Amino acid sequence: MALGWIVFLLLVSGSVALGNLHIYNVSQRCMRDINTFLWDLNQDEPKEYAALMYDSFGKMGSSVKEGNVNQPGSVQQCRSAIGPGFSAQYCQVFLKQGTIQYFVGICVPDSCREVDVKQLVLCDRLQFNQKSLLSLLPPNLINQSSQEIIMTRCLVDTVAPDASDVACMCVCCVMLAIPLAATLFTALRRSQQSSTISHTAESCHLNVYGTLKSNGSEINGRTLEENGRNNPAGQCISQSCLSSCLQAFSLQTTSKGVFSTPFSVQCENYASLNGIRVLSLLWIICGHAAQFPVINNLDNYKTWRRAVESSPIYVFTISGPVFLAVDTFLLLGGLLSARSLLSSIHKAEDNLSLGLVANYLFKRIKRIQPLHLFTMCFTISLTSLVQGGPYWFPFVETLIDCKAYWWANLLLISNLLPVHEICIPWTWYLSLDYQCYATTPLLVYIYRLKKSVFVVVVGGLLVITTVTSAAITACLHLPVFHPSTVTSDNYVLYYYVKPYTRYGPFLIGILTGIYLTTKKDQLLKEKWQPALGWFCCLSLMVLLIGLAYLLKETPAHPSVAHALYQGMHRLLWALTVSWIILACEEGFGGFIKTFLSFGFWVPLSNISFACYLIHPIFIILYNGLQETPMHYTDINFMYLFLGHLVLTLVFSSTLTVLIEKPYLHLKHRSI
């Protein structure tokens, strides 16, 4: 009789377990391990692994109303727990309550898949003492009790690069190995030449007239090239294309002038551009250092937002007009593109040919694409090797598109794609810059052909870009104020990265470059002219920043004020910066020219391109590897900015001489 009862109980318990498995739609192994974990946790003395897993669950903290809604838990502690027959894995459950989206970190057996975790949460199977292990936000704090699961995601604790990751690693290694090998080759070759010169000089006792010139280029009245004729092997090495290329890639060549700080820089033309470029770069890095944590890393987001919206001093981080420093870069790009092309035309005996234009465009590709390609491959490799924390996921999603849309970066058209498909999102600027750069030959051709037609074309382009920006802003109700633009998908998708809305500052730069290159007399002749110019320039800068704070509310309907501001503020900003350049070039810059022309801006300006490409990687790495939310204070953000800046300068200096400069020197060495 007792045996019959035992069999009956076993059959009942088995049917209940199978019934639960069917209801939860969870794999059998996952359900078994979950039951084991919950059983060991609910004992009077829970087992150590169960206590570790429970302690790793995310729990609600204080300051929920200030934005501390994410509950990351502990990734490392979860991964350290080992249960009977399974290891623990860290997963995230992304939830939505009303308008608030947040995630909760949970620790479950590694036998559970993401779909299993979702079912366990939906069925409220994860309980301790009959209470859910997930700490949902209380309705009295957010005025919303209903919640829904957006998705679940489990962090893998192993690194498994695929074929594309390995290919990118190989590209990076090759691009770094070539200049290092070239440096060793050049050092050995120079050492060999030095030994030859020393040996020859000693044999002639160093006292024969004409034996050794001060630059070491003539021995016994003969040049080294003449000596090389007596040595066919030496002649082959010195005159071969391979030798020339290796010398171009060597650090001995690429490092020349990069880190110099000439004292006479203030006397050079366009010396103020160095200071303007570096200050704009610092503005962008500071803005990104503040913007990236704001996305989902802050535990007091509302405190930060109130601060940046209340004071114009935060315009140097992420407040007010959106990254006017980018428009400064576009202005400088237009100025230098016009200057470079006009200089090339002058050297070609005033002939603007198709070959000259092709060479002009190719030099630009050679200037930006090697480091761009390296950054893209380096980022792909990095994301495959780094085991991120709970805040790594949003950044990986934006970077993983490289494997699908790398070709857009290669063709420099990434800004024409939807923003969520751009490989390495911040490289949209390179595509925009090149697209604008390609228009310079046509405008210069029209300028040389007939100036009246040129005026009409330029005026039409300025009107088009202004009206287009204003119309898009009015139709889509776009904001014009940071940080409101951070949460507006349409702002970036339809306005921020498009050439037809951002071309104006580049065009102003082309006009400035043409004038400065072709002028025969000074524009400013009377003393009152520079005084009036500086007053208008500084007043307009203050007005542009102040108006953004007056228009900080996102319009709920088409707004004429927002549309006019969006359509004109970037053009007007470019005009103010072009005035500063003009005043400095014509000798009316005063202490501003002295400051912008300091020698220490030169090395920073030389590495500015690498700084722009590299700095977001350090910011993303730092934010993505955090296991706890960051707390906003001015001092914390200042230290973050300084830390990112130091790392950026160190690595950018290295990449400039190893990756960027060698391809520029090829034009002198082997092309």
Side-chain angles (χ1 to χ4, degrees), residues 257-261 265 270-292 314-337 367-368 371-372 374-375 424-434 436-437 482 496-497 502 505-506 509 541 570 573-574 576-578 580-581 584 592 595-620 622 637-638 640-657 659-661:
V258 173
F259 308 110
S260 62
T261 55
V265 68
Y270 306 98
S272 61
L273 298 191
N274 293 318
I276 293 174
R277 181 183 289 112
V278 175
L279 291 176
S280 300
L281 174 69
L282 295 179
W283 192 354
I284 291 175
I285 295 177
C286 188
H288 285 164
Q291 179 182 358
F292 286 20
Y314 292 99
V315 73
F316 296 108
T317 56
I318 180 174
S319 180
V322 185
F323 286 122
L324 290 176
V326 174
D327 300 288
T328 303
F329 271 123
L330 288 171
L331 171 76
L332 298 181
L335 188 157
L336 294 174
S337 69
R367 164 78 170 82
I368 63 178
L371 189 55
H372 183 196
F374 177 86
T375 304
I424 316 179
W426 60 94
T427 59
W428 67 268
Y429 175 81
L430 301 185
S431 298
L432 173 66
D433 177 77
Y434 189 78
C436 295
Y437 193 86
H482 245 2
Y496 189 67
V497 302
R502 302 302 298 272
F506 195 91
M541 282 184 165
R570 299 192 184 278
W573 179 266
T576 61
V577 179
S578 65
I580 294 175
I581 297 171
C584 291
I592 294 180
F595 174 70
L596 294 177
S597 304
F598 277 152
F600 65 80
W601 297 125
V602 176
L604 297 177
S605 179
N606 290 335
I607 64 173
S608 60
F609 179 56
C611 287
Y612 176 80
L613 285 179
I614 293 297
H615 81 270
I617 298 177
F618 294 112
I619 300 175
I620 289 174
Y622 179 82
F637 271 41
M638 185 187 73
L640 280 178
F641 163 67
L642 294 176
H644 295 319
L645 179 61
V646 170
L647 286 175
T648 297
L649 293 178
V650 172
F651 279 84
S652 298
S653 302
T654 304
L655 293 180
T656 297
V657 297
I659 306 297
E660 179 186 353
K661 293 299 182 183

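Note: hydrogens, waters and symmetry copies are ignored here, and every other heavy atom, side chains too, is used. Just so you know, these numbers come straight off a predicted model, no measurement behind them.
Annotation: side chain of Trp601 is in contact with side chain of Leu279 (closest heavy-atom distance under 4.5 Å). Residues Leu371 and Phe609 meet the side-chain proximity criterion, which asks for heavy atoms closer than 4.5 Å. Using a 4.5 Å cut-off on side-chain heavy atoms (C-beta onward), Phe292 and His644 make no contact. Residues Ile276 and Leu331 fail the side-chain proximity criterion, which asks for heavy atoms closer than 4.5 Å. In this structure, Leu282 and Phe316 have side chains that are not in contact, with every pair of non-hydrogen atoms separated by 4.5 Å or more. At least one side-chain heavy atom of Ile581 sits under 4.5 Å from a side-chain heavy atom of Leu332. Counting heavy atoms from C-beta on, the side chains of His288 and Ile318 never come closer than 4.5 Å. Annotation: side chain of Val315 is in contact with side chain of Pro321 (closest heavy-atom distance under 4.5 Å).
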Worksheet item: Given the rule in the side-chain contact (heavy atoms from CB on, under 4.5 Å) test, do Glu660 and Val258 qualify, once you have shown the distances and angles that lead to the verdict?
Response: CA-CA 11 Å; Glu660 179 186 353; Val258 173; over 6 Å; no
Practice prompt. Go through Phe374 and Leu655 one step at a time and tell me if the side-chain contact (heavy atoms from CB on, under 4.5 Å) criterion holds.
Written response: CA-CA 9 Å; Phe374 177 86; Leu655 293 180; 3.5 Å; yes
Practice prompt. Please assess Leu330 against Leu432 for the test side-chain contact (heavy atoms from CB on, under 4.5 Å), listing each intermediate value before the final yes or no.
Written response: CA-CA 9 Å; Leu330 288 171; Leu432 173 66; 4.2 Å; yes
Fill in: side-chain contact (heavy atoms from CB on, under 4.5 Å) between Arg502 and Trp428, worked out
CA-CA 12 Å; Arg502 302 302 298 272; Trp428 67 268; 3.8 Å; yes
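Between Gly333 and Phe506, the closest heavy-atom pair is C-CE1, 3.5 Å. Phe259 approaches Ser653 most closely through the heavy-atom pair CE2-CB, 3.7 Å. A pairwise comparison of heavy atoms in Ser272 and Ser597 identifies N-OG, 3.6 Å as the closest pair. Here the closest heavy-atom approach between residue Ala610 and residue Thr656 is recorded as CB-OG1, 3.5 Å. What you find for Cys286 and Thr317 is that their closest heavy atoms are SG-CG2, 3.6 Å.
Here the CH2-OG1 distance, from Trp426 to Thr375, works out to 8.5 Å after rounding to the nearest 0.5 Å. The CG atom of Leu273 sits 6.0 Å away from the CG atom of Leu335 when rounded to the nearest 0.5 Å. Here the straight-line distance linking atom CD1 of Ile285 with atom OG of Ser280 works out to 11.0 Å at 0.5 Å rounding. Considering CD1 of Ile659 and OG1 of Thr654, their distance stands at 10.0 Å, rounded to 0.5 Å. Separation of atoms CH2 (Trp573) and CG (Leu324) is listed at 5.5 Å; rounding is to 0.5 Å. Taking CG of Asp433 as the reference point, atom OG1 of Thr427 lies at 12.5 Å (rounded to 0.5 Å).
Using cut-offs of 30° and 60° on the angle between ring planes, the pair Phe618 and Phe651 is tilted. By the 30° and 60° cut-offs, the orientation of the rings of Phe598 relative to Phe600 is tilted.
A cation-pi geometry, defined here as NZ or CZ lying under 6.0 Å from the six-membered ring centre and within 45° of its normal, does not hold between Arg277 and Phe329.
Side-chain atoms of Ser652 do not come within 3.5 Å of backbone N or O of Leu649 as any donor-acceptor pair. Counting only distance, with no hydrogens or angles, the side chain of Ser605 and the backbone of Val602 share no donor-acceptor pair below 3.5 Å. Judged by distance alone, with hydrogens and angles left aside, the side-chain atoms of His615 form a donor-acceptor pair with the main-chain N or O of Cys611 at under 3.5 Å.
Aromatic ring centres of Tyr314 and His482 lie farther apart than the 6.0 Å criterion allows.
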